[in-house]
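The residues of the chain are indexed from 1 along the displayed sequence. Quick note: numbers below take in every heavy atom, side chains included, and nothing from hydrogens, waters or symmetry partners. Each ligand, and each atom within it, is numbered from 1 in the order the structure gives.
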Amino acid sequence: MKKKWWHKSVVYQIYPKSFKDTTGNGIGDLKGIIKKLDYLKTLGIDVIWLSPVYQSPMEDNGYDISDYQAIDPLFGDLDDMDLLIEEGNKRGIKIVMDLVVNHTSKEHKWFKESRKSKDNPYRDYYIWRDEPNDLRSTFGGSAWTYDDKTNQYYFHNFAKGQPDLNWENPVVQDEIHRMINWWLDRGIGGFRMDVIDLIGKEIDKKIVGNGPRLHPLLQEMNKQTFGNYDVLTVGETWGANPHIAELYSDPERNELSMIFQFEHMMLDWGPLGKWTPKDLDFIQLKNVLSKWQTELKRGWNSLFWNNHDLPRIVSRWGDDKVYRVESAKMLAIILHMMKGTPYIYQGEEIGMTNVKFDSLEEYNDVEIHGSYQDIVVENKYLKHNEFMQGVYQMGRDNARTPMQWNDGKEAGFTEGTPWLKLNPNYKEINVENALERNNSIFYTYQSLIQLRKNSPYSDTIVYGEYKLLLNDDENVFAYIRSDENHELLVIANFTNEEVPLNLEYEAKKIILSNYKDTSFKQSLLRPYEAIIYELK
Ligand code: NOJ
């Protein structure tokens, strides 16, 4: 495979609202991100994926854009954005923007025009029908909303305030291409493409994801825009399998650099999806992650445990109490030694955990409230308390509580009142603490990043073969990464107990581990113990 800069990069995702506030309004901003660039440089990342900072009424915290070419005043302005790009560049950090083009906000001027009349020039920018079909919104309720102005329904896969663009309309395609180029010319490092698998939809046939027009549209977009730049593009694609992933990311097809696949992230979803979680089947997790490692051949993987839509991994599949530090490090090690581009979500590097607010009202997320209305109030599939269990375990606000910088007022996030309550554990879990302790989770992430980018093992980690070991072991995740120069063994105990390690190996070196006194040959693994060896 032809080498690309983003094969070797590590990306850090920032959710701007919750990262760092410099104005005292309780909402993070671009100047706050600039202030923390040196921190990110210390961590060692190369790219920031910035969740949306465009002008938005914030119904879905910026995933509802009312002007693609303006920065929301909450976050700053275009000068701040240019400065962020510049200051990032100085430190070798590229800025990848979020591209949300499946839908706009209902406050976008295109939609305001579109809804005025059936013959408005913008009418066909969106999807209007006389009769709705039974498609449902991801955030609960029908995917259609009636507009009495013109006596038709418009389609929105997400909230009512997020009407879907009509990608069948070539004028829409041109508008979006122009906008993409405008950003690329400002010097950004690429795009994370929000629910991009939905743009090829055929609504009348009820095909929403992976529609027939998807790949031609992406090829055209690539040709008109980012294909002419050396940038990273990553598509959010919930419905991908390794074959579909090759369609997107095979370099010869000229679509995207890579995609986010979510197969591993849905393994503990129950009958009502994330709202009725079940226990993780560990063998399944190993199989799914390994399948992606070995079956995605003509394409490129991304690696992640977390983002702004997912609960905190240490609370989900680690132990956020007794073994928080050990388990967070273990999860980092097992993921970062795989093949693909790793993504770290803000706070993951210090082991931030899920949060539990007292009442539903304290949650901000439009998905939580929309789904509550649908599942509890209207359809009565779950009782209030049952739904709240789902929120505690899986709700998106778990990831969105403000970044915990220190143990001072509001964790050093803001001088004012934060838009979403902090996790009270910031007194203990915060960046300042993490930086002061040389055995903190932060430094495990830092080491993993250095191993990938700047070590004798870089090529083995980035491009080496992957082989799963101990396939049927209920407790241990073990695999080998190898090329002609090195053979690396990665092993991890996924439980909070001591477990036997039934593996014969001869280690030459202990490269990294999450316990102090790991030995060259272990027959037992301590709770959440994880080790990277170089083999003889
Ligand atoms: C996926 C984004 O990650 C999520 O936060 C958002 O709510 C939906 N797409 C709609 O844009």
Taking the six-membered ring for Trp, are [X] and [Y] ring centroids under 6.0 Å apart?
{"X": "F304", "Y": "W49", "answer": "no"}
{"X": "W128", "Y": "F111", "answer": "yes"}
{"X": "F139", "Y": "H369", "answer": "no"}

Going by the angle between their ring planes, with limits at 30° and 60°, are H308 and Y63 parallel, tilted or perpendicular? parallel

Aromatic ring pairing Y15/W419, orientation class (parallel under 30°, perpendicular over 60°, tilted between): tilted

If the test is salt bridge (charged side-chain N to carboxylate O under 4.0 Å, His left out), which one of K160, R396, K106 qualifies with D60? R396

Closest approach of any protein heavy atom to [atom], naming residue and atom:
{"atom": "atom 1 (C) of ligand 1", "answer": "D194 OD1, 2.9 Å"}
{"atom": "atom 7 (O) of ligand 1", "answer": "D60 OD2, 2.5 Å"}
{"atom": "atom 5 (O) of ligand 1", "answer": "D309 OD1, 2.7 Å"}

Region of [X] engaging ligand 1 - heavy atom pairs below 4.0 Å:
{"X": "F139", "result": "side chain"}
{"X": "R192", "result": "side chain"}
{"X": "E367", "result": "neither"}
{"X": "E59", "result": "neither"}

Aromatic W182 / basic R178 pairing, under 6.0 angstrom, 45° off normal: no

Quick one: does NZ or CZ of K94 land under 6.0 Å from the six-membered ring centre of W6, within 45 degrees of the ring axis? no

Short list, please: which atoms of ligand 1 are under 4.0 Å from a heavy atom of [X]?
{"X": "E236", "result": "1 (C), 3 (O), 9 (N)"}
{"X": "H103", "result": "10 (C), 11 (O)"}
{"X": "R400", "result": "5 (O)"}
{"X": "R396", "result": "4 (C), 5 (O), 6 (C), 7 (O)"}
{"X": "V195", "result": "9 (N)"}
{"X": "F158", "result": "8 (C), 10 (C)"}

Answer yes when D268 and R316 have at least one side-chain N-carboxylate O distance shorter than 4.0 Å, and no when they do not. yes

